Amino acid sequence: MPDLGHAFPLAAGAETDVVADLVIVLGASAFAVLILARVGISAIPAMILTGALIGPGALGLVPAPEALGIIAHLAIVFLLFGVGLELHLDALQPGALRLLGAGTASVVLTLLAGWPLGTWATGSVQSGLAVAMAFSLSSTAVVLKYFAGRRELSQPSGRLALAILVVQDLAVIAMLGTVPLLAGWAGVEATAVDTNAAFGSLPDAVWRIAAVALLIILSRRLLPWILREALRAGGPEALLLIGGSFALGSALLCEGLGFSLELGAFLAGFVLADTPFQEELSGQISPVRDLFMAVFFTTLGMNVDPAAAAESWAWVLGGLVLLVLGKLIVIAISCWAAGAHASTAFVVGACLAHGGEFTLVLLDEVDPVSYT
């Protein structure tokens, strides 16, 4: 690695190493995405494969991926902010209750079916639940892009898939909050939520929840006016700055109240989704989020040891087949039981029978193997 200290004297030392690592991560990810897109591999798998290749388990171009941890965690915050910002509950009308019921049933049944399998595979009840939670989720970005590209979001299959994704995205908040509880059950340390800030009593929990509710109410009242004035005075740049600062501020406030950064970011996006500036904010924040996500998924891939994965190829392949078939069957049955046509239920099950972004987020938040 060339010495960049003379070129960037203020960034000499550890800061220079981080900048150099970022250059390698972003450059390698961009190249891999461009190449692998030609053979039908989407961006997220391409980034993970890139991380495995350039990480310490293979070429070692980035020997210490933990140095990029703060950027990777910011990526999770912006990802949940983007999910909240894109949460259009009106798109589920009509029949919202039936659709959301199908989504809830599919998530619960997938979780219940995966728990014993995860327990058998890992040898721990807590670890099995962590794995089941992670793999009960699908990729919102991939599925919505698929249906939008085929102009089928308003069709029965698209609306049903959207309903299930909404329930999954909402369930992520509860799952992230469950991580420290699982850790306490297993007697190990978790990273998702600061356990020192956990609720000490019922009155303590009530006032913290009331504070979050007050944040939502005040934001709904004040934000439209603030955003309108910002757009009028400073243009799209001011709108982006206010949206980003509100997301981070809400995340910090929720963490201070004993919740998680992720919950605060999601609530910020959910509040802003109800303003007239939702589409413009989404367009402004997407490039920032995507840049952070490139770092996150590539860094996540660096935790993969290609040699160990090759030695366990039978387990990897068997787990993949079990995941896809199991989720397809459970989701399709849930949709069919909710009144969907058999062909529609099969299409939705097939489209959602994979792991998603939050699968990786949950598995990164806590190592299920450490629960054993």
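Index from 1, following the sequence. Heavy-atom basis, side chains included; hydrogens, waters and symmetry copies ignored. The structure displayed is predicted, hence computed values, not measured ones.
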**Request:** Please confirm whether the backbone N or O of Leu352 pairs with a side-chain atom of Ser138, one donor and one acceptor, at under 3.5 Å?
**Result:** yes

**Request:** Measure from the side-chain N and O atoms of Ser245 to the backbone N and O of Ile242, and report whether any donor-acceptor pair falls under 3.5 Å.
**Result:** yes

**Request:** Check for a donor-acceptor pair, side chain of Ser250 on one end and backbone N or O of Ala265 on the other, with a separation under 3.5 Å.
**Result:** no

**CD1 on Ile54 to OG1 on Thr299, rounded to 0.5 Å** = 8.0 Å

**Request:** Look at the side chain of Trp115 and the backbone N and O of Val125, then say whether any donor-acceptor pair between them is shorter than 3.5 Å.
**Result:** yes

**Request:** Could you tell me how the ring of Phe270 sits relative to the ring of Phe266: parallel (under 30°), tilted (30 to 60°) or perpendicular (over 60°)?
**Result:** parallel

**Message:** Please determine whether residues Ile331 and Leu162 belong to a single hydrophobic cluster, defined as Ile, Leu, Val, Met, Phe, Trp and Tyr linked transitively by side-chain heavy-atom distances below 4.5 Å.
**Reply:** yes

**Asked** If every non-hydrogen atom of Ala353 is compared with every non-hydrogen atom of Lys327, which pair is closest and at what distance?
**Response** CA-CB, 3.8 Å

**Prompt:** When rounded to the nearest 0.5 angstrom, what is the spacing between CZ in Arg228 and CG in Leu223?
**Reply:** 11.0 Å

**Message:** Can you give me the closest heavy-atom contact between Cys351 and Val143, atom names plus distance?
**Reply:** O-CG2, 3.5 Å

**Request:** State the CD-OG1 distance between Gln168 and Thr104, to the nearest 0.5 angstrom.
**Result:** 10.5 Å

**Partners passing side chain to side chain contact (heavy atoms under 4.5 Å, CB included) against Val212 (at least two apart in sequence or in another chain)** = Ile216, Cys254, Leu257, Phe259, Leu267

**Request:** Verify side chain to side chain contact (heavy atoms under 4.5 Å, CB included) between Met47 and Phe296, making sure each step is shown before the conclusion.
**Result:** CA-CA 9 Å; Met47 294 172 190; Phe296 170 73; over 6 Å; no

**Gap separating the CG atom of Leu222 from the CD1 atom of Ile217, nearest 0.5 angstrom** = 11.5 Å

**Asked** Can you check side chain to side chain contact (heavy atoms under 4.5 Å, CB included) on Ile164 and Cys335, steps first, answer last?
**Response** CA-CA 9 Å; Ile164 296 175; Cys335 296; 3.7 Å; yes

**Request:** Could you walk me through whether Phe78 and Asp290 pass the side chain to side chain contact (heavy atoms under 4.5 Å, CB included) test, one step at a time?
**Result:** CA-CA 9 Å; Phe78 276 107; Asp290 293 345; over 6 Å; no

**Asked** Between Ala247 and Phe81, which heavy-atom pair has the shortest distance, and what is it?
**Response** CB-CD1, 3.6 Å

**Item:** Parallel, tilted or perpendicular: rings of Trp315 and Trp120 (30°, 60°)
**Value:** tilted

**Fill in**
To the nearest 0.5 Å, atom CG of Leu53 lies from atom CE of Met302 at 10.0 Å

**Asked** At their closest point, which heavy atom of Ala46 faces which heavy atom of Thr50, and how far apart are they?
**Response** O-OG1, 2.7 Å

**Request:** Decide whether Val324 and Leu117 are clustered together by the hydrophobic rule: side chain heavy atoms of Ile, Leu, Val, Met, Phe, Trp, Tyr closer than 4.5 Å, transitively.
**Result:** no

**Message:** Can you confirm whether the side chains of Ser157 and Gln155 place a donor and an acceptor under 3.5 Å from each other?
**Reply:** no

**Complete:** Shortest non-hydrogen pair, Thr359 vs Ala134, comes out as OG1-O, 2.7 Å

**Request:** Locate the shortest heavy-atom distance separating Pro224 from Thr275; write the atom from each residue and the value.
**Result:** CG-CG2, 4.2 Å

**Asked** Taking ILVMFWY side chains as joined if any heavy atoms are under 4.5 angstrom apart, and letting links pass through other members, which residues group with Ile41?
**Response** Leu36, Val39, Leu49

**Prompt:** Should Leu74 and Val25 be regarded as members of a common hydrophobic cluster, given that ILVMFWY residues are connected when their side-chain heavy atoms come within less than 4.5 Å of each other, either directly or indirectly?
**Reply:** yes

**Message:** Any side-chain to backbone donor/acceptor pair from Gln278 onto Leu85? Under 3.5 Å, distance only.
**Reply:** yes

**Min side-chain heavy-atom separation Leu328-Phe346 under 4.5 Å** = yes

**Same apolar cluster (I L V M F W Y, side chains within < 4.5 Å links), Ile333/Leu323** = no

**Request:** Spell out, yes or no, whether Val62 and Leu22 are grouped together once hydrophobic residues are joined by side-chain heavy atoms under 4.5 Å, including indirect joins.
**Result:** yes

**Complete:** Distance col, row Leu231:CG vs Ile226:CD1, nearest 0.5 angstrom, shows 13.5 Å

**Request:** Output, in order, the C-alpha distance, side-chain angles, deciding distance and verdict of side chain to side chain contact (heavy atoms under 4.5 Å, CB included) for Leu281 and Leu227.
**Result:** CA-CA 10 Å; Leu281 275 169; Leu227 292 171; 4.1 Å; yes

